[in-house]
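As the structure is a computational prediction, the values presented were derived from the model and not from experiment. Per chain, numbering begins at 1; letters A, B, ... match sequence-line order.
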Amino acid sequence: MQQSPVQSIKGTRDFYPELFQTREWLVSKIKKVSEAFGYQPYEGPYLEKLELYAAKSGDELVKEQAFCFEDRGGEFISLRPELTPTLARMVAQKQRQLAFPLRWYQFGPFWRYERPQRGRSREFFQWNIDLLGVNSAAADAEMICICAAFFESVGLTPDTTKIQINHRGLMDGELNRIGIVPEQKKDVFRLIDRRGKMNEAAWCKYAVDLGLATAQIEGIADLLMNSDLWKSSDDLARINEAVKAAGYEAYVEFTPTIIRGLDYYTGTVFEAMDIRGGRALLGGGHYDNLVGDVGGEQLPGVGFAMGDVMISVVLEDYGLLPDYEGLSDTVMVTIFDETTQTASLALASMLRSQGIKASLYPETEKLVKQFKYADRMGMAVALVLGPDEIANNTIAVKDLRSRNQVEVPAAKIIETVNKFLA
RNA sequence: GUGGCUGUAGCUCAAUGGCAGAGCACUGCACUGUGGAUGCAGUUGUUGUGGGUUCAAGUCCCAUCAGCCACCCCA
């Protein structure tokens, strides 16, 4: 195979028109759902100082998984790996001027230096949506309804897609009851997170390795088996009611093993799963204080993020992605020969001035070639303006799908084309 | 960071260690004013890259790069 002189960067994707249409379709669904709930679009910079992320995680994670570089002034800059710190900064900077509850959403690119595999790339897009400034179960429920409304709008049904919900506060209390001390909490949350990902023996060994007593391990295991546990949480009970009232209860499943890795979640946490494939589609939760680290005043909120890669994989697996439409809304204005070229050019220009998308063949070529091109581009209508038509002051309009062709007076062309495109 | 699989024409893929092929696509013609079908003809290669074994390597061995998949991780 002939090697391209320059290879694309590992983990990036080339969006050829067909694939780009899929992305645009996804964006349109996201936009529609977000705005249906009264959320405003916003965007932050793609570059941030590395310290913005280091402040929060401080981990090796930032250094290992961030795409970072030193700029000419010696500053360490990172391509953003997530949006939350940026959002926190943007909100803290204008906290007094913003109107709360604040409802913002965003869709844009992010970068993480990971090993690419199915459903994961190094450059990806993410839908981020947050509701800030309120501390209520109703806010959490709204966020879950947004997830469900999105799944519904793309054709993912409750048969295959579930939003699994749990509550950090609830779990915290339960762990206290079985004698887990605060210093163990982080490890135990991690243990809970692994419950579904390991077999029983491996999970128990992991638990023992963490230094937990047998009684504690059994207590945790019992907790995770208790599918009614959520009923003892006021927040979860209220969320359940709200989701039911909105008609989305079929999507929701209260699941004790959902805990999320992020430290800043304090209340409700949730993940949406493709049940059949066992694939996580999005994740989010409730936090008490988004802007604390960046100098703002106490600000609670709830939000989630969804990557474009896995959702696209799942939608494709279920055959839910739209067919490629090409230029179906564009009219091909053919050029008969050099003597009629200006007439075709004028026609195309006139169509455009009336809001009709018109494509001219960029050189004089045989009609066969121009029709073939129109066909390849997926156009639905072609116009022919040859010597005969010009002599009669008419234009031939051909419907490329039905193969019907009519010759209409030039004055009626707009009306006819609009009818053919409809 | 660890492991597995795969790299052959534009695409999808064949080829027991023995002349590198097929289908699709593309170009032309049948069809000098009209696309999807059909027929005929034609074009298409540093077999990812670099070494090695062999009379002979797409095929076997080593290395390397890339892609996919699973782990790890997932802000």
Taking the basic N atoms (NZ, or NE/NH1/NH2) and the acidic carboxylate oxygens, is any pair closer than 4.0 Å for A:Arg112 and A:Glu82?
no

Flag the pair A:Arg195 and A:Glu200 as a salt bridge only when some basic side-chain nitrogen lies within less than 4.0 angstrom of an acidic carboxylate oxygen.
yes

Could you give the distance separating [M] and [N] at their [atom1] atoms, to the nearest angstrom?
N	M	atom1	result
B:U46	B:C65	P	23 Å
B:C24	B:A63	C1'	36 Å
B:C62	B:A9	C1'	29 Å
B:C11	B:C68	P	15 Å
B:U43	B:U27	C1'	7 Å
B:C19	B:A15	C1'	12 Å
B:A20	B:C72	C1'	42 Å
B:A57	B:G52	P	12 Å

Which part of the nucleic acid does [X] contact within heavy-atom distance under 4.0 Å: base, sugar-phosphate only, or nothing?
X	value
A:Gln370	nothing
A:Val368	sugar-phosphate
A:Glu389	base
A:Arg13	nothing
A:Lys366	sugar-phosphate
A:Arg401	base
A:Lys372	sugar-phosphate
A:Tyr373	nothing
A:Arg376	sugar-phosphate

Rounded to whole angstroms, how far apart are [atom1] on [X] and [atom2] on [N]?
X	N	atom1	atom2	value
A:Phe371	B:A37	CZ	P	16 Å
A:Arg115	B:C71	CZ	P	13 Å
A:Arg279	B:A70	CZ	C1'	14 Å
A:Arg190	B:C72	CZ	P	10 Å
A:Asp337	B:U32	CG	P	16 Å
A:Tyr264	B:A75	OH	C1'	6 Å
A:Phe67	B:C74	CZ	P	18 Å
A:Tyr113	B:A75	OH	P	20 Å

Would you say A:Arg122 places a side-chain N or O within less than 4.0 Å of OP1 or OP2 belonging to B:C74?
no

Between A:Gln117 and B:A70, is there a side-chain N or O to OP1/OP2 distance below 4.0 Å?
yes

Centroid separation under 6.0 Å, is that true for the rings of A:Phe110 and A:Phe125?
no

Would the base of B:C74 count as contacting A:Arg120 through its side chain, where contact means a donor and an acceptor less than 3.5 Å apart?
yes

For [N], give its Watson-Crick or G-U wobble partner with both distances under 3.5 Å, or none.
N	answer
B:C74	none
B:C24	B:G10
B:U47	none
B:C5	B:G67
B:U54	none

Flag for A:Glu365-A:Gln370: side-chain donor and acceptor within less than 3.5 Å
no

So, A:Glu48 and A:Thr86: side-chain donor and acceptor under 3.5 Å apart, yes or no?
yes

5' priority, RNA chain B, between A:Asp388 and A:Ser402 [closest heavy atom]:
A:Asp388

